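Remember, it's a predicted structure, so these values are computed and weren't measured experimentally. No hydrogens, no waters, no symmetry mates; every other heavy atom, side chains included, goes into these values.
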Amino acid sequence: MSNRRSFGTLFWALILVAVGGLLLARNLGYPLQIWQSVALYWPVSLIGWGLVKVVDYYRLRRDGLNGGRTSLFGTGEVVLLVFVLIAGSSFTAISNVSSDLGLIGLIGEEFDLFDILGENYEFSSEIAAEIEPGRVVEIRNRYGVVVVEPGDEGRIDVAIEKVVRAASPEAAAELESDLTFSIEEDNGRYVVDSNRSQLQASVRRRYRTNLRIRVPANTALEIDNSYGAVQVTGLTGDQVVENRYGAVTLNRIEGDARISDRYGPVFANEISGAVAVVNRYGAVTLNEVGGNVAVENRYAPVELIGLGGDTAIDNRYSTVEVRRAAGDVRVGGRNNRVELDAIQGAVAVDASYRNVDVRNVMGSVNVASRHGDVLLRFDEPPTDSITVVGDYSNVRLELPSASGFALEARVRSGTFNSDFDNFERETSGRDLRVAGQEGEGGPQVSISTENGDTRLVRRD
């Protein structure tokens, strides 16, 4: 009898381990939408529990316990079953109340399970203010979209769309009047903000506010937003955007841009100045940036095209792609695939566990790779030094036939093959040293690998 419920005990022990692991991963910063998954997949626990009970039933019959009539559910298990049914149904009901809000907009504030029921009601309003030229405009919003574009000189116009969750139109109208926006001058800047923070927590979550703002073309912005997209177009001045759980898009900006996001993608197109992006788990795409670029992100790809200055990228667990860069390019991180093409300056790459593909670099090349292959390809003879250090990495260097270079290669526990012949080989145990001069002049090529093969390819 002591083993009769061992399978059920093991099942719930595994559930606890899984839930604890997910909560720990979220605390460590991984973008897991735990509550949405619970709302959607909680019936899987009932299916698994039922299968465990089927196994128990046949096991009891096989063992002949009480003629196979032993109860499969104890009193505690019946209580647990009722709790799972009520809790799971409640989570599903909450997540289905509004496709616009969803659990992600509710968890994190105090909330009453029954206080979010109702319907969505939309209201529109406008505010405006005169503005002195050259001032900074600060925009603060929560749970909504912010769109900023050029407007009349000397004026700020804000079109406000409020979405209010309420039980009736009358209740929605009363709530709508409680949330107000204003444009205030503060220490030489203009601030667009609401009184949301002054409302009770149980009321704040009932609003979603979308803002369409028109400002003078020569305006620098500082935007702080949450749970909604931000888009800024056609302005002159430095732009600063901080967002959470929403995309950020900047188009045709004459000035610098500094963008901070968490879980939304970042897009920037035609930025004349420098761009700095700090993102947690969203993709970063930059096109035609005139100044320096700095990107820091995780778990999402980085794609940069048409860069006028130096570029520094720190990426983890994804792909980095840079094409047509006029300055130096530096890429660091781990578990990241790197693809670089048409780089006018120097290249420095430190990567691991995924491949590095570097093509057509005019400046020096310095690549360190661990557990990932390295491909270097040149359509024109290289003119600057090339250094590759590989650990458990295969290295392939493709050079035009007319290339001239001095080679110094050290290979440990691997092979060396070359279409170029003017090299001397020296073997000592597992170590192979290859050195020599190909053609006349040219840069120094240094390759050091361990536990990987090296090949030099002559391209016609």
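- Going from atom CE of M362 over to atom OG1 of T383 covers 5.0 Å, rounded to the nearest 0.5 Å.
- Remark: the backbone N or O of D431 is not paired with any side-chain donor or acceptor of S428 at under 3.5 angstrom.
- In this structure, the side chain of D328 engages the main chain of A346 through a donor-acceptor pair within 3.5 Å.
- Summarising the geometry of F416 relative to R425, their closest heavy-atom pair is O-NH1, 3.2 Å, with the distance given to 0.1 Å.
- In this structure, OG1 on T219 lies 6.0 Å from CG on L235, to the nearest 0.5 angstrom.
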Item to complete: Apply side chain to side chain contact (heavy atoms under 4.5 Å, CB included) to the pair V389 and V367, showing each step before the final yes or no.
Response: CA-CA 6 Å; V389 177; V367 176; over 6 Å; no
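- Looking only at distances, no side-chain donor or acceptor of N195 sits under 3.5 Å from a matching main-chain atom of Q198.
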Discussion item. Before you tell me yes or no, could you show the steps for D310 and N292 under side chain to side chain donor-acceptor pair (under 3.5 Å), namely the whole-Å CA-CA distance, both residues' side-chain angles and the distance that decides it to 0.1 Å?
Written reply: CA-CA 5 Å; D310 295 337; N292 295 337; 5.1 Å; no
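- Under 4.0 Å is where a charged nitrogen must lie from a carboxylate oxygen, and between R455 and D419 at least one such pair does.
- Under the 3.5 Å distance criterion, the side-chain polar atoms of T249 are left unmatched by any main-chain donor or acceptor of Q231.
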Discussion item. The test is side chain to side chain contact (heavy atoms under 4.5 Å, CB included); show your working for Y263 and N279 and say whether it passes.
Written reply: CA-CA 7 Å; Y263 301 102; N279 202 4; over 6 Å; no
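- Between L340 and V329 there is a side-chain heavy-atom pair separated by less than 4.5 Å.
- Side chain to side chain, R334 and S352 fail the donor-acceptor criterion of an N or O pair below 3.5 Å.
- Under the 3.5 Å distance criterion, the side-chain polar atoms of R206 are matched with a main-chain donor or acceptor of R165.
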Practice prompt. Show the numbers, then the answer: is there a salt bridge (charged side-chain N to carboxylate O under 4.0 Å, His left out) between R214 and D157?
Written response: CA-CA 5 Å; R214 297 174 65 85; D157 294 285; 5.4 Å; no
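- Residues F420 and V457 have side chains not in contact (no heavy-atom distance under 4.5 Å, counting atoms from C-beta outward).
- Residues D341 and R324 are not paired through a salt bridge, judged by the lack of any N-O separation under 4.0 Å between the basic side chain and the carboxylate.
- A pairwise comparison of heavy atoms in V338 and A351 identifies CG2-CB, 4.3 Å as the closest pair.
- Side chain of T387 to main chain of N366: no donor-acceptor pair is present (N/O by atom type, distance under 3.5 Å, no hydrogens or angles).
- Under a 3.5 Å cut-off, the side chain of N210 and the backbone N or O of G144 do not form any donor-acceptor pair.
- A distance of 10.5 Å separates OH in Y353 from OG in S369, rounded to the nearest 0.5 Å.
- Proximity of a side-chain donor or acceptor of Y392 to a complementary backbone N or O of T449 within less than 3.5 Å is not detected.
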Discussion item. As a quick check of understanding, evaluate side chain to side chain donor-acceptor pair (under 3.5 Å) for N141 and N225, giving each step before the final call.
Written reply: CA-CA 5 Å; N141 192 44; N225 192 55; 3.2 Å; yes
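- Within a 6.0 Å sphere centred on CZ of F423, other residues, nucleotides and ligands contribute more than 12 heavy atoms.
- G308 approaches A326 most closely through the heavy-atom pair O-CB, 3.7 Å.
- A salt bridge links R244 to D224: at least one charged side-chain nitrogen sits closer than 4.0 Å to a carboxylate oxygen.
- Salt-bridge annotation for D350 and R370: present, with a side-chain N of the basic residue lying under 4.0 Å from a carboxylate O of the acidic one.
- Under 4.0 Å is where a charged nitrogen must lie from a carboxylate oxygen, and between R433 and E408 at least one such pair does.
- Counting heavy atoms from C-beta outward, V289 and L304 have side chains that stay 4.5 Å or more apart.
- Using a 30° and 60° split on the angle between ring planes, Y317 and Y299 fall in the parallel class, below 30°.
- A salt bridge is absent between E122 and K162; no separation between the charged side-chain nitrogens and carboxylate oxygens falls under 4.0 Å.
- In this structure, R204 contributes its side chain and L199 its backbone to a donor-acceptor pair below 3.5 Å.
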Discussion item. Test side chain to side chain contact (heavy atoms under 4.5 Å, CB included) on E222 and V136; report intermediate values, then the result.
Written reply: CA-CA 7 Å; E222 293 184 7; V136 174; 4.1 Å; yes
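- P443 and S385 get closest at one heavy-atom pair: CB-N, 3.8 Å.
- Rounded to the nearest 0.5 Å, atoms CD (E339) and CG (N355) are 9.0 Å apart.
- Evaluated for a side chain to side chain contact (heavy atoms under 4.5 Å, CB included) with V331, the options N336, T311, V356, N315 yield exactly one hit, N336.
- In this structure, D256 contributes its side chain and A274 its backbone to a donor-acceptor pair below 3.5 Å.
- Side chain to side chain, S393 and D373 fail the donor-acceptor criterion of an N or O pair below 3.5 Å.
- The CG atom of D391 lies 5.5 Å from the NE2 atom of H371; values are rounded to the nearest 0.5 Å.
- At least one side-chain heavy atom of L221 sits under 4.5 Å from a side-chain heavy atom of V148.
- N360 and D379 share a donor-acceptor pair across their side chains, judged by distance under 3.5 Å alone.
- More than 12 heavy atoms of other residues, nucleotides or ligands shown are found within 6.0 angstrom of CD on Q437.
- Two residues are said to be in side-chain contact when any heavy atoms from C-beta on lie closer than 4.5 Å; T454 and N394 fail this criterion.
- At a threshold of 4.0 Å, the pair E153-R155 does not count as salt-bridged, since none of the basic side-chain nitrogens sits closer than that to a carboxylate oxygen.
- Salt-bridge annotation for E138 and R189: present, with a side-chain N of the basic residue lying under 4.0 Å from a carboxylate O of the acidic one.
- Put simply, the side chain of E149 reaches to within 4.5 Å of the side chain of R212, judged on heavy atoms.
- The pair E242-R258 does not count as a salt bridge, with every side-chain nitrogen at least 4.0 angstrom from each carboxylate oxygen.
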Practice prompt. Mind running side chain to side chain contact (heavy atoms under 4.5 Å, CB included) on E185 and R135 for me, showing each step along the way?
Written response: CA-CA 10 Å; E185 187 174 2; R135 296 291 187 89; 2.9 Å; yes
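- Here the closest heavy-atom approach between residue R196 and residue Y143 is recorded as NH1-CD1, 4.0 Å.
- The CG atom of L407 sits 10.0 Å away from atom CG of L399, with the distance rounded to the nearest 0.5 Å.
- When side chains are defined from C-beta on, V191 counts as touching R140, because their heavy atoms get closer than 4.5 Å.
- Looking at heavy atoms from C-beta onward, N417 lies in side-chain contact with T415 at the 4.5 angstrom threshold.
- Here the closest heavy-atom approach between residue A129 and residue I183 is recorded as CB-CG2, 3.8 Å.
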Practice prompt. Given side chain to side chain donor-acceptor pair (under 3.5 Å), test S448 with R410 step by step and report yes or no.
Written response: CA-CA 5 Å; S448 177; R410 297 181 181 274; over 6 Å; no
